[in-house]
Protein chains: 2
Amino acid sequence: MNKRGFKDKVYGELSRVAKAMANPVRLEIIDLLAQGPFSVEQIANYTGQSVANASQHLQTLKNAKLVRITRDGNFIYYSLAGVNVFNAWVGLRELGFAYNAEVEKVMHDFRCGHRGDLNAVDAATLMEMMEKEEVVLLDVRTEDEYNRGHIHKALSTPIDKLGTYLKKLPKGKTLVAYCRGPFCVYADEAVAFLQEKGHKAIRLKEGYPDWAIKGLPIRHKES
Amino acid sequence: MNKRGFKDKVYGELSRVAKAMANPVRLEIIDLLAQGPFSVEQIANYTGQSVANASQHLQTLKNAKLVRITRDGNFIYYSLAGVNVFNAWVGLRELGFAYNAEVEKVMHDFRCGHRGDLNAVDAATLMEMMEKEEVVLLDVRTEDEYNRGHIHKALSTPIDKLGTYLKKLPKGKTLVAYCRGPFCVYADEAVAFLQEKGHKAIRLKEGYPDWAIKGLPIRHKES
DNA sequence: CATTAATTCAATTGATTTATTGAATAGTTA
DNA sequence: TAACTATTCAATAAATCAATTGAATTAATG
């Protein structure tokens, strides 16, 4: 094989991987699967797609080796093929943040409409805050996702049941809410709700997968 | 805006960035521009494309904010919009290496055909070797690229003039050749040539941009 | 073995993407 | 200002991609 043929093959193969990521629905699926395995129906519901369409996108991701499947009874669960998939997704995400003003703008506008406080702490800041025991950390994802893995010392307070946990939360301390990632709005909703109830609340910029991949302290239930 | 509308916009914008990367020619352009600025004609020649086609791809990259331009005389020079573009490219590249057996296979087959020794040292290993002063480091890219920036202590020995440097190279020490990146074949060609001439030679797995972005020691000519 | 539920396949249509060609534009130099 | 050069634009046709629909698989259960 000559030099051009070699390059055509290498860049061609890599562009197949990039093509598999180059679709809004598939990016949302990747972002979701960073939390762990989900069935086709769960993925379809979450992304607002028909089951057939979700399945089709999942086949595309599977062919590109970005996801893998495990069976459990009647269900097929999809999850990311490995940590490199998440890394590539983060690379793309940060690229979007850095140079695409439209991404920043959309996020800013959306969150402006939901709460006054646009601040968010990043992982490093939160680590410092936690060392001083100033904060209560809230995992507002589903209980299932919490059990799969959560930030050390976080309490499970799913967004749709947040009201029932209100009494147990101390008024003095800062509440920090986190969810699936920077595009997940659960933490924003939680912060809005908590601030309305008179709490001092702020969201964590990153989500659980970002925290975990940095090697920061986590815990999970034995399965 | 509702939650779905927000997500559609965010993932839609990010998929536009991914789409801009999802083409073999554009990936090769990104990989090249990691070395520094190049004109449209240089890019067209390097990628084996017509000037019009190269220009069209560059417009696509520019619209996605992945590259930016600077003028100098008659020429327009394209370069990466920032360090995040390179990071995203590396994320994709590593993803290809990790899960796409086809990429590994193509590289292995190609390099098998060119030299017996498939080994390559990585950056960390090279740093150790250099501390013991066991190696002579050769930058086999163009002299121009060397001047823009090179690994500290490397000699400029462009691949097409490598023969003229032969006498000056010590027979006892290990020669380590590096070039633009893992898909650049200059270092492979250099290693094959040097081994043929009785030298102990090996390539660096990564290219100059990978070395530089890790914060490892570099030097460059004042411009 | 038949039923059921979850998932995938196949065919269609409309929308994007790509390489090619040749013409147009915008800066530079004489 | 005219000629030149590097780059971009516009139009085309072939190829690829996405959402929809309904039918076909596949594996577990009665």
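Reminder, nothing fancy here: chain letters follow the sequence lines and each chain counts from 1.
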**Q.** DNA chain D: 5'-proximal contact among A:Gly73 and B:Gln42 (nearest heavy atom)
**A.** B:Gln42
(Q) With a 4.0 Å limit, can you tell me whether A:Asn23 has a side-chain N or O closer than that to the phosphate oxygens OP1/OP2 of D:dA18? (A) yes
Q: Please tell me which of B:Arg26 and A:Val40 maps to the more 5' nucleotide of DNA chain C, matching each residue to the nucleotide holding its nearest heavy atom.
A: A:Val40
Q. Starting at the 5' end of DNA chain D and moving along, which residue's nearest nucleotide shows up first, A:Ser50 or A:Asn74?
A. A:Ser50
Q: Over 60° means perpendicular and under 30° means parallel, so classify the ring planes of B:Trp89 and B:Phe183, tilted if in between.
A: perpendicular
Q. So, A:Arg93 and A:Asp210, do they make that salt bridge, N to O below 4.0 Å?
A. yes
Q.
When you measure from the side chain of B:Tyr11 to the backbone of A:Asn23, do you find a donor-acceptor pair of N or O atoms at a distance under 3.5 Å?
A. no
Q) Roughly, in whole Å, what's the span from CD1 in B:Ile69 to P in C:dG27? A) 10 Å
Q: Rounded to the nearest angstrom, tell me the gap between atom CZ in A:Phe38 and atom P in C:dA6.
A: 17 Å
Q | Sugar-phosphate, base or nothing in reach of B:Ser39, heavy atoms under 4.0 Å | A | sugar-phosphate
Q) How long is the line joining CD of B:Gln49 and C1' of D:dT8, in whole Å? A) 16 Å
Q | A:Asp72 CG to D:dT26 C1', straight-line distance once rounded to whole Å | A | 16 Å
Q. Would one find a side-chain N or O of A:His57 under 4.0 angstrom from OP1 or OP2 of D:dA19?
A. yes
**Q.** Euclidean distance, atom CG of residue B:Leu58 to atom P of D:dA6 [Å, nearest integer]
**A.** 16 Å
Q: Decide whether B:Tyr186 and A:Lys3 meet the rule of one side-chain donor and one side-chain acceptor closer than 3.5 Å.
A: no
Q.
Without decimals, in angstroms, what is the distance between B:Glu41 CD and D:dC4 P?
A. 18 Å
(Q) Strictly below 4.0 Å, N to O, side chains only: are A:Arg148 and A:Glu145 in salt-bridge contact? (A) no
Q.
Both A:Phe75 and A:Gln56 contact DNA chain C. Which one's nearest nucleotide lies toward the 5' end?
A. A:Phe75
Q) Counting side-chain heavy atoms from C-beta on, which of D:dC17, C:dT21, C:dT7 comes nearest to B:Ala52? A) C:dT21
Q: Would you indicate, yes or no, if D:dT8 has its OP1 or OP2 atom less than 4.0 angstrom from a side-chain nitrogen or oxygen of B:Tyr78?
A: yes
Q: Starting from C1' on D:dC17, measure out to CE on A:Met21 and report it in whole angstrom.
A: 18 Å
Q | Options C:dT17, D:dT7, C:dT8, nucleotide nearest the side-chain atoms of A:Val51 | A | C:dT8
Q) Rounded to the Å, how far apart are B:Asn53 CG and D:dA10 P? A) 17 Å
Q: Answer yes or no: does a side-chain N or O of B:Arg71 lie under 4.0 Å from OP1 or OP2 of C:dT28?
A: no
